[in-house]
Amino acid sequence: MGVLVLKLILLIYSLVNGALFVCCMHLRMGGNETDRLALLAIKAQIKQDPHNVTSSWNESIHFCSWHGVSCGRRHRQRVTMLDLQSQKLAGSLSPHIGNLSFLRALRLQNNSFSNIIPPEIGNLRRLQVLSLHNNSFNGPIPYNISYCSNLIFMNFGFNGLVGKIPSEFGSLSKLRSFVLQANNLTGEIPPSLGNLSSLEGLGATQNNLVGSLPTSLGQLKKSTILSLGSNKLTGTIPPSIYNLSALDVFSVQNNQIRGSLPSDLGNTLPNLQIFSICVNQFFGSLPYNKLSYMPLSLSNATNLRAILVQQNKLTGQVPDLRKLHNLHRFGSGYNHLGSGTDGDLSFLSDFTNLTELEQLGIKANNFGGTLPASISNLSTNLKTFRFERNQIHGSIPTELGNLVNLESLLMGGNSLTGNIPTEIQKMSSLVELDISMNALSGSIPESLGNLTKLYRLSLGGNNLEGVIPSSLGNCQRLILLDLSNNKLSGAIPQQVIGLPSLSKLLNLSRNHFTGSLPMEVGKLKSLGVLDVSNNMLSGELPSSLGSCESLEVLHLQDNFFKESIPSSMIRRIRPFSQQFVW
Ligand SMILES: *[C@@H]1O[C@H](CO)[C@@H](O)[C@H](O)[C@H]1NC(C)=O
Ligand SMILES: *[C@@H]1O[C@H](CO)[C@@H](O)[C@H](O)[C@H]1NC(C)=O
Ligand SMILES: *[C@@H]1O[C@H](CO)[C@@H](O)[C@H](O)[C@H]1NC(C)=O
Ligand SMILES: *[C@@H]1O[C@H](CO)[C@@H](O)[C@H](O)[C@H]1NC(C)=O
Ligand SMILES: *[C@@H]1O[C@H](CO)[C@@H](O)[C@H](O)[C@H]1NC(C)=O
Ligand SMILES: *[C@@H]1O[C@H](CO)[C@@H](O)[C@H](O)[C@H]1NC(C)=O
Ligand SMILES: *[C@@H]1O[C@H](CO)[C@@H](O)[C@H](O)[C@H]1NC(C)=O
Ligand SMILES: *[C@@H]1O[C@H](CO)[C@@H](O)[C@H](O)[C@H]1NC(C)=O
Ligand SMILES: *[C@@H]1O[C@H](CO)[C@@H](O)[C@H](O)[C@H]1NC(C)=O
Ligand SMILES: *[C@@H]1O[C@H](CO)[C@@H](O)[C@H](O)[C@H]1NC(C)=O
Ligand SMILES: *[C@@H]1O[C@H](CO)[C@@H](O)[C@H](O)[C@H]1NC(C)=O
Ligand SMILES: *[C@@H]1O[C@H](CO)[C@@H](O)[C@H](O)[C@H]1NC(C)=O
């Protein structure tokens with residue numbers, strides 16, 4: 001009786017009191033109704049759904065069975081997970097997301113959601129996983145997300161986010177993984193991030209972050225990944241960072257960081273797998289050891305898989321890395337390493353112990369001396385070996401041919417002498433061979449024609465003699481062939497001038513070629529640059545030259561051609577006339 005009266009009073013009261021009416025409505029709806037309405041509001045903002053995933057979001061089935069929706073065991077009709085990843089969805093994320101108050105995981109990665117990340121996400125106090133990466137979200141990262149104090153994984157990577165990293169995020173004491181990669185974030189890295197005591201990985205590569213690394217990051221004792229490359233970071237690395245003994249990835253490449261590396265780096269970071277400081281302004285570890293540009297102690301970090309230090313200002317010699325049996329990549333190009341004298345390359349003998357080595361790069365340094373024959377014992381896994389622009393002299397060891405899996409062998413711009421060893425033909429995987437700008441003599445071995453995967457062959461700027469072997473016509477993937485500036489003679493083989501794959505460059509200039517330009521030149525339909533200038537070519541230019549539809553640069557001058565350019569060419573030449581010289 002009393003209850004009925006009370007209910008009646010309430011009903012009447014509520015009819016005249018909107019506020020209370022709303023209140024009671026809400027109570028009647030219950031949390032499950034709130035979730036249903038929130039999901040419908042989220043659906044309403046999804047403008048493209050090519051896989052029709054939200055078509056199951058209809059009245060005929062309970063929302064806990066809707067595609068991508070999971071409800072809890074304890075709270076049976078409350079949404080605990082929303083997983084709509086990789087569904088090609090487009091539209092915005094409704095602020096109603098903030099009403100799914102039992103949500104633990106929100107996985108929307110790999111779609112095309114745009115507009116802002118709704119700050120209402122900050123109401124999701126139970127949220128543990130927030131995956132928004134690889135969408136088109138823009139605007140700032142809402143600081144309110146810092147109220148999601150249970151967050152463990154948070155990924156905003158590959159969006160169009162701007163503004164600063166909210167310093168409030170320092171309060172997320174359970175956060176283990178925080179990824180911001182590939183956005184347009186600015187400002188400094190907030191020192192408060194040093195409070196993320198559970199953090200194991202911080203990834204913020206490819207943004208516009210400025211300033212120096214905060215010293216406080218040295219408190220992230222559990223961190224295994226610190227990846228801050230491709231930003232605009234400056235200053236020096238705070239010493240505290242080098243005490244993060246759990247680190248296995250330390251990557252700050254592509255910034256403007258300067259300073260030296262501590263001599264005990266390999267001892268304080270014993271678990272390092274990737275050490276990447278390339279494209280910065282690091283200089284050597286003087287005065288500790290004048291002969292070591294990198295800490296000798298790196299030899300103790302035996303898990304190292306990649307040492308990438310190219311484009312810095314490092315000096316000295318390469319330390320003994322023999323114990324680094326897992327090393328796959330060693331990149332040290334564009335530094336001031338080596339002394340320009342004999343013995344500089346003796347470290348290459350140590351590298352023969354590195355059986356996993358795939359990439360070895362020492363381009364553009366000061367290395368002198370000769371190539372030790374022991375390089376033939378380098379890992380057969382080696383795919384790239386580049387040492388262009390050093391001061392290396394002597395001959396190319398014939399044993400080099402043992403590196404049968406090599407794909408790129410780049411040794412241009414040294415002082416190499418002697419012949420091109422025919423053994424190079426054993427490197428049947430070779431796609432790139434550059435020995436240009438050396439002092440090689442002898443002839444071009446016919447066996448180079450066995451390298452049928454070659455797409456780039458540069459032998460220009462040597463003292464090579466004899467004819468072009470017609471076997472080069474077997475290299476049917478060649479897009480660039482440079483034989484310029486040698487003493488080559490004879491006729492240009494039709495097999496070579498007619499290689500239709502040539503698209504970038506065919507440079508035969510500054511040699512002693514005779515005869516006429518073969519009509520097969522007309523097969524070079526996609527060639528951009530053709531240079532046969534400064535030879536002794538004669539006769540009439542073949543009319544087929546007009547078929548070279550893509551030519552942008554043509555040099556025919558300083559030959560004995562009869563002055564008649566095929567009429568089909570003249571029409572097309574005019575727009576580029578300054579580039580067509582004959
Ligand atoms: C909401 O919960 C109530 C009570 O548990 C239940 O009767 C009702 O069917 C639920 N509604 C929805 C939409 O799940
Ligand atoms: C989605 O629904 C539309 C309209 O009902 C239909 O034309 C289309 O084929 C459906 N797409 C898929 C992938 O089922
Ligand atoms: C509702 O979703 C179910 C499950 O996907 C589907 O079979 C049904 O056709 C849908 N109903 C409407 C009206 O779209
Ligand atoms: C992203 O989604 C596409 C389909 O939309 C899928 O093929 C691809 O594997 C997904 N990538 C990731 C990293 O989930
Ligand atoms: C859900 O969220 C929206 C937007 O944040 C808000 O306007 C609304 O009052 C919330 N509550 C319910 C029950 O929908
Ligand atoms: C991003 O998603 C697209 C499909 O939406 C997919 O093709 C691409 O591989 C994804 N990229 C990354 C980095 O996951
Ligand atoms: C963000 O957090 C502030 C402070 O708690 C609060 O006043 C505000 O309403 C929140 N914004 C949203 C959109 O949830
Ligand atoms: C990043 O921001 C800068 C400055 O606001 C702008 O010039 C640039 O286009 C943006 N880049 C991207 C990828 O959004
Ligand atoms: C968080 O970090 C900042 C800056 O490093 C510091 O001033 C502050 O006291 C820290 N707060 C907590 C709660 O540890
Ligand atoms: C390598 O580690 C050993 C054992 O901890 C130590 O004695 C040695 O000094 C370290 N080497 C270098 C170069 O730091
Ligand atoms: C290097 O390789 C040689 C020959 O296999 C071996 O005797 C030596 O122990 C290795 N050195 C190191 C430091 O692993
Ligand atoms: C390599 O080339 C030479 C000369 O063209 C030829 O005689 C030889 O048979 C070729 N070897 C292989 C393995 O193809």
Side-chain angles (χ1 to χ4, degrees), residues 14 17-72 75-89 91-104 106 108 113-128 130 132 137-151 154 156 159 161-173 175 190 192:
S14 64
N17 189 320
L20 188 59
F21 180 77
V22 167
C23 155
C24 292
M25 265 302 281
H26 184 70
L27 283 178
R28 194 185 62 78
M29 274 163 52
N32 57 3
E33 186 63 9
T34 309
D35 283 9
R36 194 178 70 86
L37 293 177
L39 289 170
L40 289 175
I42 289 165
K43 174 179 175 175
Q45 294 300 314
I46 295 176
K47 302 301 181 196
Q48 283 175 36
D49 179 6
H51 297 321
N52 296 337
V53 290
T54 58
S55 69
S56 71
W57 292 27
N58 63 45
E59 301 293 346
S60 65
I61 43 173
H62 191 274
F63 66 78
C64 288
S65 303
W66 291 357
H67 189 289
V69 178
S70 305
C71 291
H75 308 280
R76 288 190 169 276
Q77 285 159 348
R78 303 309 305 264
V79 176
T80 53
M81 178 162 80
L82 185 56
D83 184 348
L84 295 173
Q85 62 178 293
S86 302
Q87 298 293 350
K88 297 195 191 313
L89 301 174
S92 41
L93 178 58
S94 166
H96 285 70
I97 188 75
N99 292 350
L100 295 173
S101 43
F102 283 74
L103 202 64
R104 289 176 190 279
L106 177 58
L108 301 179
F113 282 101
S114 53
N115 294 326
I116 61 159
I117 297 173
E120 286 79 3
I121 289 178
N123 297 330
L124 304 174
R125 303 301 156 91
R126 292 178 169 86
L127 198 65
Q128 296 178 346
L130 178 58
L132 302 179
F137 286 112
N138 50 43
I141 300 175
Y143 74 90
N144 277 32
I145 292 177
S146 64
Y147 296 121
C148 306
S149 53
N150 284 299
L151 271 173
M154 185 156 69
F156 299 107
N159 279 289
L161 301 169
V162 297
K164 298 183 174 183
I165 302 173
S167 61
E168 290 84 352
F169 282 4
S171 65
L172 295 170
S173 59
L175 195 64
S192 61

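For ligands, and for the atoms within them, numbers begin at 1 and follow the listed sequence.
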### Query
Nearest non-hydrogen atom to atom 5 (O) of ligand 5 belongs to which of S101, P95, A38, P119?
P95
#### Entry: Candidate with minimal heavy-atom separation from atom 2 (O) of ligand 5, of N99, L37, T34
N99
### Message
Under 4.0 Å, heavy-atom basis, I'd like to know which part of S56 is in contact with ligand 3: side chain, backbone, both or neither.
### Response
both
### Task
Go through the side-chain N and O atoms of N99 and T34 and say whether any donor and acceptor fall under 3.5 Å apart.
no
#### Entry: Sub-4.0 Å atoms of ligand 7 with respect to non-hydrogen atoms of Y147
2 (O), 4 (C), 5 (O)
### Shortest protein contact, atom 8 (C) of ligand 7 (heavy atom only)
N144 ND2, 3.7 Å
### Query
Quick one: nearest non-hydrogen protein atom to atom 3 (C) of ligand 3, plus distance?
N58 ND2, 3.7 Å
### Summary
Exactly one candidate in L130, I97, I145, L93 meets side chain to side chain contact (heavy atoms under 4.5 Å, CB included) with I117; the answer is I145
### Summary
Exactly one of N150, L100, L103 clears side chain to side chain contact (heavy atoms under 4.5 Å, CB included) with L127, and that residue is L103
### Task
Taking the six-membered ring of F102 (Phe, Tyr or Trp), confirm whether the NZ or CZ of R126 is under 6.0 Å from its centre and within 45° of its axis.
yes
### Message
I'd like to check atom 14 (O) of ligand 3 in this structure: does the protein have a heavy atom lying under 4.0 Å from it?
### Response
yes
### Query
Under the criterion side chain to side chain donor-acceptor pair (under 3.5 Å), which of Q77, H62, E59 is the partner of R36?
E59
### Message
Is there a polar contact, in the sense of an N or O pair closer than 3.5 Å, between E120 and ligand 7?
### Response
no
### Message
Checking the side chain of D49 only, and the main-chain atoms of I46 only, is there a donor and an acceptor separated by less than 3.5 Å?
### Response
no
#### Entry: Ligand-side contact atoms (ligand 3) for residue partner S60, heavy atom cut-off under 4.0 Å
1 (C)
### Query
Taking all non-hydrogen atoms of both residues, which atom of G98 and which atom of N123 are closest, and how far apart?
O-CB, 3.6 Å
